[in-house]
Amino acid sequence: MPQIRLALAQVNPTVGALDANADLVVRMTRHAAGQHAHLVAFPEMVLTGYPIEDLALRRSFVDASRGALEKLAVRLHDEGLGSIAVVVGYLGRDDATADTVQLGRPKGSPQNAVAVLYGGHVLGRQAKHHLPNYGVFDEFRYFVQGDHLGVVRLHGIDIALAICEDLWQDGGPVAVAREADASLLLVINGSPYERHKDDSRLELARRRAADSRATLAYVNMVGGQDELVFDGDSLVVDANGELLARAPQFEEGCLVVDLDLPPATAAAPEPWGVVDEHIAGFRVRRTTLSTEALPAYTPEPGAIAPVLSDPAEVYAAVVTGLRDYVRKNGFTSVVLGLSGGIDSALCAAVAVDAIGAENVHGVSMPSSYSSEHSKNDAHELAERTGLRYRVVPIAPMVQSFLDNLPLTGLAEENLQARVRGMALMGLSNQEGHLVLATGNKSELAVGYSTIYGDAVGGYAPLKDVPKTLVWELARWRNAVAVERDQQPPIPENSIDKPPSAELRPGQLDTDSLPDYSLLDEILDHYVEQDRGSSELLQAGFAPELVTKVLRMVDAAEYKRRQYPPGPKITQRNFGRDRRLPITTTWREHAPTADELGTAEQPPPPPPS
């Protein structure tokens, strides 16, 4: 059977950086050529970065993307790389409808597209057919649907192309790859990370490969883009579902694999020719690059990277999101408050791992209510991690405020948090640091934070990390350090002590909130799974607790809208995944006995 060496370029593009992204494609293609690859595939919209959101609606940006694609094809050829087929995602346009104004059609008819660059030419163009419009995706807003499957003949092998969602949905181009007699189904992706998604990706790839009777190659990007993190996890499975190669998560690189594939048998045009046909009611566009099979060579086995544990991949996602947010937005350093508690401690450890201890500035801001152990824990964290550390007592600043504006109770508590927030923002303005908000998802869910206080910042690494997972990640990170014969970064006391905001004498989080293990269980039902109060009661939660927690969640929507961005790691992050009105009179409540009825209730659902 014909052979081909495929390289999946798992890279980290930057949105809007067309020249830098083109450089990335050339650099990685040269690297793949050094490994004697014949075909190199890059992720979805690698030329523009992804997602581009409303940039897609700017004609100037579409023009720039298409121009960059043409220049890239010529550049690859001029630099001696024209004999390698390079599959590249870019922002295209449906020229037939671009000047037609139609309600419901995105302005200018932009398209999420893929092309094959070969011999200095742009060939085999194709647009994404299935446009996701759920979760974090709004692609019906941005793109016009593609209408055909592209099949490219290279070295006597027919290769069908698809873009991300086309693999996940039934019907469309992937559904006719089998009838089109493709030997390789090559899918380019910008698939964001969330917990346990790597398992579903592999099973999907196996299923689609079996359906298509073709080897399936899946290339995904890595890196952070605002609230999204891409984990790579590129892979190749054969038509029987056997995993042939898999790339590491969260690492840039080039996954190379040798494939023996069935020869092309379908009628096709001569080299450089293009022809359309209809198969099973769908248009198939065939493009021929080369018809002769490659001379036989000795294949090398593909590498299969080990799968990360759950805490390892979550931690890597948070580190990746922070690192790229800092780097891509032009910052060189971050500043955060160090309270001695678990959240700020984990944030500091993440920041040190992301950008280096010398670029992390920790500030202890003790008030008159701060305990000695908290101050000591903050200092110990700084010594363990090596970050830059300073102490800024806020008691005099708080007292000056109170002398001019007498406040008591909750208002006085919140004043302390707001003075800390002002101190951090002042240091940011003065020294150019990015301020990190250290709150976690559980606190954000119930509004257990002070707006304009501990909620200030430019980025929130733990925004989508529930409190119980914060503890798990802290213990995991310390355990990894021990395995490496390193100093664990997080003081054990920060992990073990009861959490407290320390805004009044003897305060504990449990004064206002349920135990976090119970709270996170309720939040999983209500936030992640959209279950109402009746379903929570059926799951065994107490009515008073359900009413209290759900009211806190609903009332805190306005706070969440003003919270900094942070990396998505769950299925429903507070952001584009979960969009609820601030102004609404609808409230979930615990049903009364009359509302529930006297009949025996169904058993609670199994734990999720």
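All heavy atoms count here, side chains included; hydrogens, waters and symmetry mates do not.
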Gln111: side-chain hydrogen bond (donor to acceptor under 3.5 Å, both in side chains) partners, not counting sequence neighbours: none
Is the backbone N or O of [Y] less than 3.5 Å from a side-chain atom of [X], with the two atoms forming a donor-acceptor pair by type?
X	Y	value
Glu44	Gly190	yes
Gln35	Arg5	no
Gln10	Val219	no
Asn220	Pro43	no
Asn240	Glu242	no
Asn359	Ser333	no
Thr570	Asp464	no
Arg153	Thr291	no
Arg384	Ile490	yes

Steps toward side chain to side chain contact (heavy atoms under 4.5 Å, CB included) verdict (Arg208, Val174): CA-CA 8 Å; Arg208 295 302 189 205; Val174 170; 4.3 Å; yes
Any chance you could measure [X], atom [atom1], to [Y], atom [atom2], to the nearest 0.5 Å?
X	Y	atom1	atom2	value
Leu228	Tyr50	CG	OH	8.5 Å
Tyr118	Ser290	OH	OG	4.0 Å
Leu161	Asp166	CG	CG	10.5 Å
Arg59	Arg93	CZ	CZ	4.5 Å

Would you mind reporting whether [Y] and [X] have side-chain heavy atoms less than 4.5 Å apart?
X	Y	answer
Phe282	His129	yes
Lys463	Glu227	yes
Pro489	Asn478	yes
Met45	Asn112	yes
Ser191	Tyr218	yes
Val229	Phe250	yes

Taking 4.0 angstrom as the limit, do [X] and [Y] come out as a salt bridge?
X	Y	answer
Arg323	Asp353	no
Glu70	Arg125	yes
Glu165	Lys128	no
Asp324	Arg327	yes
Arg66	Asp95	yes
Arg75	Asp23	yes

Residue pair [X] / [Y]: nearest heavy atoms and the distance that separates them:
X	Y	answer
Asn12	Gly224	OD1-N, 4.5 Å
Thr288	Ala268	OG1-CB, 3.8 Å
Leu39	Leu186	CD2-CD2, 4.3 Å
Gly457	Pro564	O-CG, 3.3 Å

Between Tyr297 and His36, ring centroids under 6.0 Å: no
For [X], I'd like to know if atom [atom1] has over 12 heavy atoms of other residues, nucleotides or ligands within 6.0 Å.
X	atom1	result
Asp63	CG	yes
Glu252	CD	yes
Arg213	CZ	no
Glu431	CD	yes

Modelled atom types, side-chain donor and acceptor of Asp258 and Gln3, under 3.5 Å: no
Donor-acceptor side-chain pairing of Thr97 and Ser109 below 3.5 angstrom: yes
Trace of the side chain to side chain contact (heavy atoms under 4.5 Å, CB included) decision for Phe61 with Thr48: CA-CA 9 Å; Phe61 192 58; Thr48 59; 3.9 Å; yes
Geometric class of the His121/Trp272 ring pair [parallel <30°, tilted 30-60°, perpendicular >60°]: perpendicular
Aromatic plane relationship, Tyr315 with Trp476 - under 30° parallel, 30 to 60° tilted, over 60° perpendicular: tilted
Residue of the set Glu194, Arg195, Glu313 for which side-chain contact (heavy atoms from CB on, under 4.5 Å) holds with Ile569: Arg195
Partner of Leu81 by side-chain contact (heavy atoms from CB on, under 4.5 Å), out of Val86, Leu76, Leu117: Leu76
Working for side chain to side chain contact (heavy atoms under 4.5 Å, CB included), residues Val237 and Leu202: CA-CA 8 Å; Val237 298; Leu202 177 57; 3.9 Å; yes
